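Starting from 1, each residue takes its place in the sequence as its number. Counting starts at 1 for both ligands and their atoms, following the listed order. Not measured: the values here are computed from a predicted model.
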Amino acid sequence: MDNDCLFCKIINGEIPGDKVYEDEFVYAFKDINPAAPIHILVVPKKHIDCLANISDEDEKYIWAIHKAINIIAENMGFKENGYRIIVNSGRDSGQEVMHLHYHLLAGAKFGDKIV
Ligand code: 5GP
Ligand code: ZN
């Protein structure tokens with residue numbers, strides 16, 4: 001928990017978030033400014049600032065995020081059609097919220113491939 005962190009506050013209920021999934025390690029909620037018909041942020045319940053700074057002890061959170069993505073995809077009915085994951089890490093990526101988050105985008109065929 002980081003007292004000044006927006007996503008920590010959403011996880012602990014201090015700030016409302018539109019929750020779509022939660023388990024022991026993961027919290028997932030709708031992005032406030034969606035970039036796709038479905039745009040969910042999947043975050044670890046532990047405050048980790050960015051992907052570049054994960055450590056071995058964070059392994060369970062990273063695995064849980066990936067499992068959660070597929071549970072959400074199954075529950076919301078887009079697992080078969082597919083989805084895109086984006087993780088920004090650090091200054092050059094444009095990361096704005098310094099709490100690790102996986103952008104889960106779905107509900108459209110994405111034409112603008114970067115990679
Ligand atoms: P970043 O640019 O750090 O990878 O992504 C941050 C994301 O958080 C953005 O897509 C932005 O729309 C989202 N966001 C920022 N503030 C809030 C908020 O208060 N609630 C929710 N649900 N999403 C937020
Ligand atoms: Zn945080």
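- The nearest heavy-atom contact from the protein to atom 3 (O) of ligand 1 is Glu96 N, 2.7 Å.
- Listed here is the closest heavy atom pair of Val26 and Lys45: O-CE, 3.6 Å.
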Side chain to side chain contact (heavy atoms under 4.5 Å, CB included) evaluation trace for Glu57 with Lys46: CA-CA 11 Å; Glu57 65 190 33; Lys46 176 184 174 185; 3.4 Å; yes
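- Counting heavy atoms under 4.0 Å from ligand 1, residue Ile10 touches it through the side chain alone.
- Put simply, the angle at the Zn ion (ligand 2) from ND1 in His99 to SG in Cys8 is close to 110°, to the nearest 10°.
- Protein heavy atom in closest approach to atom 14 (N) of ligand 1: Ile32 CG2, 3.8 Å.
- Distance NE2/His101 to CG/Leu51: 11.0 Å, rounded to 0.5 Å.
- What sits closest to atom 12 (O) of ligand 1 on the protein, heavy atoms only, is Asp31 OD1, 2.5 Å.
- Heavy atoms from other residues, nucleotides or ligands lying under 6.0 Å from NZ of Lys30 number 12 at most.
- Side-chain contact, Tyr102 with Asn88: no donor N or O sits under 3.5 Å from an acceptor N or O.
- Only the side chain of Leu6 comes within 4.0 Å of ligand 1, judged by heavy-atom distances.
- With a 4.0 Å heavy-atom cut-off, ligand 1 is reached by the side chain of Phe7 but not by its N, CA, C or O.
- Contacts between Lys30 and ligand 1, counted as non-hydrogen atom pairs separated by less than 4.0 Å, involve the backbone only.
- Of all heavy-atom pairs spanning Leu105 and Ala35, the tightest one is CD2-CB, 4.5 Å.
- With ligand atoms numbered from 1 in the order given, ligand 1 contributes 1 (P), 4 (O), 5 (O), 7 (C), 10 (O) to contacts under 4.0 Å with heavy atoms of His103.
- Ring to ring, Tyr27 and Phe7 are not that close: their centroids are 6.0 angstrom or more apart.
- Of all the N, O or S atoms in His47, the one closest to the Zn ion (ligand 2) is ND1.
- When hydrogens are left out, the protein atom nearest atom 6 (C) of ligand 1 is His101 NE2, 3.6 Å; that is the closest non-hydrogen contact.
- A distance of 13.0 Å separates NZ of Lys19 from CD1 of Ile10, quoted to the nearest 0.5 Å.
- Once rounded to the nearest 0.5 Å, the distance linking NZ of Lys79 with CG of Asn70 reads 4.5 Å.
- Here the side chains of Phe29 and Ile11 are not in contact, with every heavy-atom distance at 4.5 Å or above.
- Between Gly94 and ligand 1 there is a heavy-atom distance shorter than 4.0 Å.
- Atoms of ligand 1 found under 4.0 Å from any heavy atom of Asn33 (numbered from 1 in listed order, with element): 12 (O).
- Residue contacts with ligand 1, taken as heavy atom pairs separated by less than 4.0 Å, involve Leu41 solely via side-chain atoms from C-beta onward.
- Atoms of ligand 1 found under 4.0 Å from any heavy atom of Gln95 (numbered from 1 in listed order, with element): 3 (O).
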